[in-house]
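Quick caveat, the model's predicted, so the values are computed rather than measured. Throughout, residue positions are numbered sequentially from 1 according to the sequence presented.
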Amino acid sequence: MNKKTIIGLVLIFGIFVLYMIWMFDPEQAHQQHIQDSLYQDSLYRVEQAEQQRQNEQKRLDSLKAMNVDVDTSNTPTIQKHSPAQKDSLGTMACNLDNPVVNITVQNGVSETRFSSKGASIQEVILNDYVTFDSLPLRVVTPSEDNLNLLFVLGEKKVYSRQVTFVPFINDEPVAEDRLLEVAEDDSLTIAFRAFVADNDSAAIDPDHYLEFRYVVHSNSYETDFDIEFHNIAQQVGASSLELTWSNNIPRQEKNDKSRANARNLRNANPERFFTSMYYKTQADRPHNLKDGNDSDKQLTVPVEWIAYKQQFFCSALMSDSAFSKADNMQQSFKDTSMLCHMSSRLGIDYYAGNNESVTVSMRFFHGPNRYRTLRQMGHGMDRLLPLGWGFFLTQWTSRFLIIPLFNFLSKFISNYGIIIIVLTLIFKIILLPLTYPSYKTSAVMRHLRPEMDAISKKYPDQDQMMQKQQAMSALQKKAGINPLAGCLPALIQFPILWAMFRFFPASIELRQEAFLWCDDLSSYDSILSLGNNGIPGYGNHVSLFCLIMFAVQMFYTWWTMRQQQAQAQMPGMKLMMYMMPVMMLFFLNNQSAALNIYYCVNLLFTMLIMWGIRIFVTEKRVRKTMEKNSAKMMKKGNKQKKSKFQQRLEEMQKMADQMQKQQQSQRKH
């Protein structure tokens, strides 16, 4: 690398940094930070007030349930039920005075909190995981809109979220909060019943009710969910029920906030980029809404499941008989207090016939996006993992090569950083028979430089390009190499390179796994903080693995460019090749450390293989091969049959020469 090249790179880099600094407005970022802080504080105060109100309501309801007189004159936040509320629930208004009871169930892998208000899952905490700042990891957060069933009872449209159900455990009613634990290899059933009163006497009939039934299994992320209209099926007049399922998805992973305005969403916020709503219809493979962006969709065809997926975790709702439609699927990233809000309105076909009771069966899944776990569930749930494109074979490479080999190595190696290095080495060995011709061609071309320079001097003019190409081909054939041998290895390696690019940032196995100075291989490593604003286009941190990768790639570019005579005569191409490591430095600084380790180790192994081949392919051996091939060509009378590809190449060159001569002739006239 000469002085002019170094000066050019420094100037380009400096201009780029100055432009990004000029475009960046620190005052605007500071004002935005203040607004976000005020907004977060106001949300916190509202949540605290709401929590106090709910606690007071629980206390009063519990006292009422025990027939204790309560003076509510000094409790202005608690209001009695209005006639409109009672009228909206019809014969279910008898449930308004039921106490709100929370039941928390631990099953070994998660902790699930159910609320009798709306009979919904209010919170799910995964035991084996924490957030990036070591807080409990919630995949479901509390909200009154988490689950809502709309149905017609008699002549009234009833919303289940407005009803306070009575919880039952082992068919016994529960009047206060409970903490339960599922025994090993066992399950626990929690039922919530909303009773229906007799129209005439307004008395509750204990054998007529709507029941939301949950079955929690030990050491399982799946929860069975049934809706039963027990002895009231004939009173439910709708031919289709509507179930609205929502979730406020919190942030779980660390993020470089200084890159919030970056154009590339994957580089600006990987957690948001990998967050999307997925769905599968009966007649098609799984699809998803737009990654990391506000989006909505209406489906009028049967849907097998809906999944609210983020980078490493998801919540899914599946139906045994499929939902009849999903006509209001929405995802929104506008609320800065959370990562995303997702909701969907699902249709459930309802037919009572002559039955007095009707049951609708479904399942919830709240857990990690682990390939083996999702694949065991079937119905294409493993497609939640972003493993690349099918038409470039990247998806198949991940499913049938990378993931099985990765899981196999994890049985014997506990450190995932070492697994990545070993995995890279195995792939290099597997591909060596295919890449060897390319490396050998590069080594031989280095010894043919004098002859190639001589051919270039012999045919210097543009109209002699065909003769020059033929002479070059003859020389290469004489040396026993094929210049096109490098195309196939590059095409074969591309699916693996792209599959790794998709696999590492989405692999739950790498999440919060440490290696050397890095504490999370699925995210970027940071050895130096650059402040809140950081360097525009680069970030607010310095990734050491990315710097090492940049140094290795720069050295690799310099080393290979020394051997390529053709590109040495093209300064523009040479400068472009040196700019590639600089671009990768900016792009990969915010990517996962595992990805940087893989690219770095892959380049090191490539250089090692090329160095070994160049030691083996000496000039003496090349000259000896050329002498043998020359003798063979002389023996055959120098009559070598041309391949169809070579014939087409020569025909195309002839056509190009003719067109060039015609253009020159037209210019002269």
Side-chain angles (χ1 to χ4, degrees), residues 40 43-44 47 51 102 104-114 121-143 146 179 181-182 216 218-223 247-257 269-275 307-316 336-342 364-374 384-385 410 414-417 419-420 504-527 529 540-541 543 590-595:
Q40 293 292 337
L43 280 178
Y44 177 77
E47 290 174 356
Q51 186 63 42
N102 292 300
T104 303
V105 181
Q106 297 176 342
N107 71 340
V109 296
S110 64
E111 181 179 294
T112 305
R113 181 168 65 86
F114 302 90
I121 296 177
Q122 284 293 297
E123 190 174 41
V124 177
I125 300 175
L126 301 185
N127 297 343
D128 298 332
Y129 304 93
V130 294
T131 65
F132 72 96
D133 48 358
S134 301
L135 295 176
L137 193 143
R138 293 172 171 82
V139 290
V140 176
T141 56
S143 173
N146 279 359
L179 175 61
E181 186 172 353
V182 183
V216 183
S218 67
N219 298 310
S220 175
Y221 295 109
E222 294 185 56
T223 300
N247 189 17
N248 292 324
I249 301 175
R251 292 184 176 87
Q252 316 285 12
E253 317 303 327
K254 66 179 180 179
N255 179 40
D256 185 346
K257 296 181 179 179
N269 191 339
E271 184 182 19
R272 174 172 170 174
F273 176 80
F274 286 107
T275 299
Y308 300 162
K309 172 194 168 294
Q310 53 193 118
Q311 187 171 3
F312 296 110
F313 307 96
C314 78
S315 296
T336 57
S337 64
M338 65 188 72
L339 176 63
C340 180
H341 173 77
M342 294 187 182
F364 278 107
F365 173 84
H366 302 292
N369 299 330
R370 182 177 287 108
Y371 181 77
R372 285 176 294 183
T373 303
L374 296 175
L384 290 175
L385 289 176
S410 64
S414 59
N415 189 288
Y416 283 93
I419 290 177
I420 295 171
F504 285 134
S507 175
I508 186 82
E509 288 82 2
L510 298 178
R511 185 179 184 271
Q512 297 181 355
E513 289 292 335
F515 179 63
L516 298 178
W517 57 85
C518 175
D519 57 1
D520 188 349
L521 285 170
S522 69
S523 185
Y524 59 82
D525 63 299
S526 177
I527 60 165
S529 176
N540 64 1
H541 64 277
S543 169
N590 201 43
Q591 296 299 320
S592 68
L595 195 62

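- Of all heavy-atom pairs between Asn219 and Gly108, the closest is OD1-CA, 3.7 Å.
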inquiry  = What verdict does the side chain to side chain contact (heavy atoms under 4.5 Å, CB included) test give for Leu339 and Gln310, after you've listed the backbone C-alpha separation in whole Å, the side-chain angles of each residue and the deciding distance to 0.1 Å?
reply    = CA-CA 9 Å; Leu339 176 63; Gln310 53 193 118; 4.2 Å; yes
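- Between Pro136 and Ile125 the shortest heavy-atom distance is CB-CG2, 4.0 Å.
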ask   = Given Phe312 and Phe274, is the ring-ring contact (aromatic ring centres under 6.0 Å, His included) satisfied, shown in steps?
value = CA-CA 8 Å; Phe312 296 110; Phe274 286 107; 7.9 Å; no
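- A donor-acceptor pair under 3.5 Å links the side-chain atoms of Gln512 to the main chain of Val130, judged by distance alone.
- Between the side chain of Asn248 and the backbone N or O of Asn146 there is no donor-acceptor pair closer than 3.5 Å.
- The main-chain N or O of Glu181 is never found under 3.5 Å from a side-chain atom of Asn107 such that the two would form a donor-acceptor pair.
- Remark: the His366 side chain and the Ser315 side chain contain an N/O donor-acceptor pair separated by less than 3.5 Å.
- Checked against the 6.0 Å centroid criterion, the rings of Phe364 and Tyr221 do not qualify as a close aromatic pair.
- The salt bridge (charged side-chain N to carboxylate O under 4.0 Å, His left out) check on Glu222 picks up Arg363, with sequence neighbours excluded.
- Defined by atom type and a distance below 3.5 Å, a donor-acceptor pair is present between the side-chain atoms of Asp525 and Ser543.
- Listed here is the closest heavy atom pair of His541 and Asn590: CE1-OD1, 3.5 Å.
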ask   = Going through the distances and angles, do Gln122 and Phe114 end up as a side chain to side chain contact (heavy atoms under 4.5 Å, CB included)?
value = CA-CA 6 Å; Gln122 284 293 297; Phe114 302 90; over 6 Å; no
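- A distance-only check finds a donor-acceptor pair linking the side chain of Arg251 to the backbone of Met338 [under 3.5 Å].
- Atom OG of Ser143 is separated from atom CG of Asn247 by 8.5 Å, given to the nearest 0.5 angstrom.
- For the atom pair OG (Ser110) and CG (Asp128), the distance works out to 9.5 Å, reported to the nearest 0.5 Å.
- With values rounded to the nearest 0.5 angstrom, Leu595 atom CG is found 12.0 Å from Ser507 atom OG.
- For the residue pair Ala594 and Leu510, the shortest heavy atom distance occurs at CB-CD1, 3.7 Å.
- Taking every heavy atom of both residues into account, Leu137 and Tyr129 meet most closely at CB-O, 3.6 Å.
- The OG atom of Ser592 lies 8.0 Å from the CG atom of Leu521; values are rounded to the nearest 0.5 Å.
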task = Evaluate the side chain to side chain contact (heavy atoms under 4.5 Å, CB included) criterion for residues Val124 and Glu111: first the C-alpha distance (whole Å), next the side-chain angles of each, then the deciding distance (0.1 Å), finally the verdict.
result = CA-CA 6 Å; Val124 177; Glu111 181 179 294; over 6 Å; no
inquiry  = Using side chain to side chain contact (heavy atoms under 4.5 Å, CB included), reason through Ile249 and Met342 one step at a time and then give a plain yes or no.
reply    = CA-CA 8 Å; Ile249 301 175; Met342 294 187 182; 3.8 Å; yes
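- Using a 4.5 Å heavy-atom threshold, the side chains of Arg113 and Ile121 count as separate.
- With hydrogens and angles ignored, the 3.5 Å screen pairs a side-chain donor or acceptor of Gln252 with a backbone N or O of Arg138.
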request  = Check step by step if side chain to side chain donor-acceptor pair (under 3.5 Å) holds for Glu253 and Gln311.
outcome  = CA-CA 9 Å; Glu253 317 303 327; Gln311 187 171 3; over 6 Å; no
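- For the pair Leu126/Val139, a side-chain contact is recorded, criterion being any heavy-atom separation below 4.5 Å from C-beta on.
- Under 4.0 Å is where a charged nitrogen must lie from a carboxylate oxygen, and between Glu271 and Lys254 no such pair does.
- With values rounded to the nearest 0.5 angstrom, Phe313 atom CZ is found 10.5 Å from Phe365 atom CZ.
- In plain terms, the two heavy atoms of Leu385 and Asn369 that are nearest each other are CD2-O, 3.2 Å.
- With rounding to the nearest 0.5 Å, the separation of CG in Asn269 from OG1 in Thr275 is 8.0 Å.
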